[in-house]
Amino acid sequence: MAFSKAKKKRMHLKRTQGKDVEKKRQTSPFSTHERVTKTKRATLEHIRTKHRKQPQGDDDSL
């Protein structure tokens, strides 16, 4: 596969000047996502509405 122009520039900088700009990218040593479980009320609400039938129209079809 071919390299992108940006990657070619990064490789050239590393080769000629010894600068590795990829190391300067901000990375955090911990997860920045906050995972929160649902509350009991939210879980019960989800179960209650999950397979609820759609509202019926008039009962004239009988």
Side-chain angles (χ1 to χ4, degrees):
M1 292 180 68
F3 293 114
S4 67
K5 287 182 182 181
K7 179 137 186 157
K8 287 179 187 177
K9 286 181 181 180
R10 289 194 302 268
M11 288 172 32
H12 179 72
L13 274 176
K14 189 174 183 181
R15 214 174 33 246
T16 57
Q17 299 177 3
K19 289 184 179 179
D20 191 7
V21 293
E22 291 179 348
K23 287 184 179 179
K24 293 188 177 192
R25 292 182 181 162
Q26 293 181 352
T27 57
S28 60
F30 54 89
S31 175
T32 57
H33 294 82
E34 185 175 334
R35 294 173 177 88
V36 179
T37 58
K38 288 185 178 182
T39 61
K40 182 176 181 180
R41 183 175 183 173
T43 305
L44 291 174
E45 181 68 19
H46 175 71
I47 292 170
R48 185 178 72 81
T49 60
K50 186 174 180 182
H51 296 291
R52 186 178 5 180
K53 291 184 178 180
Q54 296 297 320
Q56 299 283 327
D58 293 339
D59 290 330
D60 294 336
S61 60
L62 295 174

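Quick caveat: nothing in here was measured; it's all calculated off a predicted structure. Residue indices begin at 1 and follow the sequence shown.
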Heavy-atom side-chain proximity of K19 to K14 below 4.5 angstrom: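 A side-chain contact under 4.5 Å is absent here.
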
Between atom [atom1] of [X] and atom [atom2] of [Y], what is the distance when rounded to the nearest 0.5 Å?
X: K9; Y: S4; atom1: NZ; atom2: OG; value: 10.0 Å
X: E45; Y: K40; atom1: CD; atom2: NZ; value: 14.5 Å
X: R41; Y: R48; atom1: CZ; atom2: CZ; value: 10.0 Å

Closest contact, heavy atoms only, F3 versus K8: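 In terms of heavy atoms, the two residues are closest at O-CE, 3.5 Å.
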
